Amino acid sequence: MIHSLFLVNASGDIFLEKHWKSVVSRSVCDYFFEAQERATEPENVPPVIPTPHHYLISVLRHRIYFVAVIQSEVPPLFVIEFLHRVVDTFQDYFGVCTEAAIKDNVVVVYELLEEMLDNGFPLATESNILKELIKPPTILRTMVNTITGSTNVGEQLPTGQLSVVPWRRTGVKYTNNEAYFDVVEEIDGTYTFDPVTKLLSWDVGKINPQKLPSLKGTMSLQAGASKPDENPTINIQFKIQQMAISGLKVNRLDMYGEKYKPFKGIKYMTKAGKFQVRT
């Protein structure tokens, strides 16, 4: 499925590449660079770029483009979800997912990518399983590996592979057995902008008939900065905790594969995706 993975920084340089099936030349990324030049913003690069012999599927996280090279048609969202899982894994292991962190832990990065994909197909993507296969780097472990020549690869198979639930280790016991599920809902809304007061108000929907939620903010130029020729573009994001705008409710929640009686809880959240307001 995934033949190669290229990591491109904000300067347009490929600083890491990984191949699973066959080595794909870096020149395939020229199609990505052309699309990047045509995009007005970094996040506006098309996530799927067709080429004569490949498909390039990419995501932008932490100012790094993760570009996967595909030779046959596959569901794009499947590849995009895997790329996001790669970024989340790097952030879980190294604390941050930056070019410097990846270069400092390049050996662990290649070990993780080797375990997460088997011949180009996703294999182990859960954090619990990966941390038993590849131990997270620490200063002491790095010193020991340097002296002894050993690696971070574990000597035993992950116990999570023997569990009914793949992300949970076997034989885990807690004093309080609880299970929480998040219901995340994305909505659209309407906005009004007053050019005199430079005040933007965003109404996200009806929650309380007596009081509608709104997002307000002001924008000012830095001291000494010249006045721009055009009004700027504003990026906005928001979320409302413990609230589902549509009124969606979970009526029943069942858990299987466990002998104890768990405590079950639901958390609701409303959030808006990233969007632009052109003033």
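Excluded from the calculations below are hydrogen atoms, water molecules and symmetry mates; all remaining heavy atoms, backbone and side chain alike, are included. Residues: numbered from 1 along the sequence shown. Here the structure is a predicted model, which is why all the values come from computation and not from measurement.
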Smallest separation among heavy atoms of [X] and [Y], with atom names:
X	Y	result
Val45	Gln36	CG2-CA, 3.9 Å
Phe6	Arg26	CE2-CG, 3.9 Å
Gly120	Trp20	N-CB, 3.9 Å

Ion pair Lys135/Glu111, N-O distance below 4.0 Å: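 Salt bridge: no.
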All side-chain hydrogen bond (donor to acceptor under 3.5 Å, both in side chains) counterparts of Arg63, not counting sequence neighbours: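 For Arg63 there are no side-chain hydrogen bond (donor to acceptor under 3.5 Å, both in side chains) partners, ignoring immediate neighbours.
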By side-chain contact (heavy atoms from CB on, under 4.5 Å) - contacts of Asp92 (at least two apart):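 Scan of Asp92 (side-chain contact (heavy atoms from CB on, under 4.5 Å), adjacent residues dropped) gives Ser127, Lys131.
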Set of side-chain contact (heavy atoms from CB on, under 4.5 Å) partners for Ser72, sequence neighbours left out: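 For Ser72 the side-chain contact (heavy atoms from CB on, under 4.5 Å) partners, ignoring immediate neighbours, are Val74.
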Under 3.5 Å, side chain of [X] to main-chain N/O of [Y], donor-acceptor pair present?
X	Y	answer
Asn105	Ala101	yes
Asn9	Ser11	yes
Arg61	Val87	no
Tyr93	Val109	no

Quick check on the hydrophobic clustering: are [X] and [Y] connected, directly or via other members, by side-chain heavy-atom contacts under 4.5 Å?
X	Y	result
Leu7	Tyr65	no
Ile129	Leu112	yes
Val69	Met1	no

Over 12 non-hydrogen atoms of neighbours within 6.0 angstrom of CZ in Phe33: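 Enclosed.
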Test ring-ring contact (aromatic ring centres under 6.0 Å, His included) applied to Tyr55 and His3, step by step: CA-CA 10 Å; Tyr55 293 94; His3 282 251; over 10 Å; no
Nearest-0.5 Å distance that lies between atom CD in Glu34 and atom OG1 in Thr51: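 Glu34 CD to Thr51 OG1: 11.0 Å, rounded to 0.5 Å.
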